[in-house]
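When a ligand or atom number is given, it counts from 1 through the structure's own listing order. The analysis underlying the following values was restricted to heavy atoms, covering all of them including side chains, and did not include hydrogens, waters or symmetry mates.
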Amino acid sequence: MTTEELLRKFDDLFGHGNEPQIFFAPGRVNLIGEHIDYNGGCVLPAALEIGITALVRPNSSSIVEMKSLYTKGIVSIDLNNKIEALENDWGNYPKGVIAYLLKENRKLKGCSILFYTTLPAGSGLSSSAALEVLTAFLMLKIAGEKIHPVEIALLCQRVENEFINVSCGIMDQFSVAMGKENCALLLNCQSLDCQYIPLQLNEYTLVIMNTNKKRELASSKYNERKNECDAALNELQNHYPISTLCEAELYQVELHIIDETLKKRARHVISENARVKQSMEALKNNDLKKFGTLLTASHLSLQNDYEVSGFELDTIVSESLKIESCIGARMTGAGFGGCAIALVESSSVEEFKEKVSAVYYNKTSIIPAFYESKIGDGVRELSFDMTVKS
Ligand code: GLA
């Protein structure tokens, strides 16, 4: 959709007035380090160029009215009243953010907001973090309030944990807030120390593959994994002075954790954290093949030990790996459906997509989608020609 079309839509919905301001927050893809952020290790995500755009016009009232181009009805809140969540409502994300900004005594202004997304919802590319960070950023910006993007990320994580009731870590909100063009973020989720790693994939392309399998029970299963990790950590803390599961060693898990399920969960976490470090080495040495093998090993660990994959994700990954031009593939994000990534020789990407698409459809009766989004910057304000406003 062009800016002109969006502006016209905005005026149709909210009436004519001053030109709205435009803001954008990207989705993210996680290259490696899955289910590591809430276990205190390192992750390697990157912000995408696809994401959510918001058009915003302040009004002189205390009412915030929000509309998404994809749903009926307007979500409306009064900044002077208590803000409550509704069941299964996309509006809970921006509502939660506004409620938490108010709790922090931030001065906010009433406004009309139109959201437009190029990010498939519920696909594991962090559409909810993008919506949260975008809302916080624009509400603060139109009110002239200053805040560091890392603080925005932390506030949005709290919203997700307490208002939405998903015990997620900091990875998604941090990548959306702090992403940088052509760079992955090596984020230490314990210290929040972050290094930008230029992503040189040489003759390879990162293909994002959407299984188009609707995620089911994703948040309850997610919270269950988090609780299992906490239980494994508790066991180990009876023997070692550690404060996160990522500090433990594999032999310690084998020695002290009796419960088979907890043992598997801890095994994934510790081996995945090691794979992030090995990936950094491989990328530093320009060894893309090694990086590819680590991606595949990560998938196997998520499939067998962490058990967050599923038939569709396993099918798309294993079929990708059967194609010679693909040197590694894995599910990305929380799992239970959603997206996978594959590292594919750039000259064969079209052929790769055709082959995977055909065989995946054959096995699942679902048509997958493919994205080759570039790596972009984090949340920002745009000018009308959609370039960044300085
Ligand atoms: C979701 C969560 C993140 C992270 C990933 C799994 O995207 O929001 O915090 O835990 O799952 O790596």
Pair E5-T2, side-chain donor/acceptor within less than 3.5 Å: yes
Whether F163 and Y100 hold their rings parallel, tilted or perpendicular, with breakpoints at 30° and 60°: perpendicular
Take atom NZ in K263; do more than 12 heavy atoms of anything else shown fall under 6.0 Å from it? yes
Proximal atoms of ligand 1 relative to A334 (non-hydrogen, under 4.0 Å): 1 (C), 11 (O)
Validation row, ring centre Y38 to ring centre Y222 under 6.0 Å: yes
Tell me if the CD atom of E324 is crowded by more than 12 foreign heavy atoms within 6.0 Å. no
Which residue and heavy atom of the protein sit nearest atom 7 (O) of ligand 1, plus the separation: D172 OD2, 2.7 Å
In ligand 1, the atoms that come under 4.0 Å of a heavy atom of Y38 are 10 (O)
Does ligand 1 have any atom that is closer than 4.0 Å to a heavy atom of K226? no
Numbered atoms of ligand 1 (with element) below 4.0 Å of R28, judged on heavy atoms: 7 (O)
Do we see a donor-acceptor contact under 3.5 Å between the side chains of S220 and E224? no
Any idea which part of Q173 is under 4.0 Å from ligand 1, heavy-atom wise: side chain, backbone, both or neither? neither
Flag this pair as yes if the NZ/CZ of K221 is under 6.0 angstrom from the six-membered ring centre of F336 and inside a 45 degree cone about the axis; otherwise no. no
Short N/O distance, under 3.5 Å, between G333 and ligand 1? no
Identity and distance of the protein heavy atom lying nearest atom 3 (C) of ligand 1: D37 OD2, 3.3 Å
Report, in ascending order of atom number, the atoms of ligand 1 lying under 4.0 Å from any heavy atom of G169. 9 (O)
To check your reading of the model: name the closest protein heavy atom to atom 10 (O) of ligand 1, its residue, and the distance in Å. Y222 OH, 2.5 Å
Let me see the working for W90 and S68 under side chain to side chain donor-acceptor pair (under 3.5 Å), right down to the final yes or no. CA-CA 9 Å; W90 70 270; S68 144; 5.0 Å; no
Considering heavy atoms of the protein only, find what lies nearest to atom 5 (C) of ligand 1 and give residue, atom and distance to 0.1 Å. M171 CE, 3.8 Å
Do any nitrogen or oxygen atoms of N30 come within less than 3.5 Å of a nitrogen or oxygen of ligand 1? no
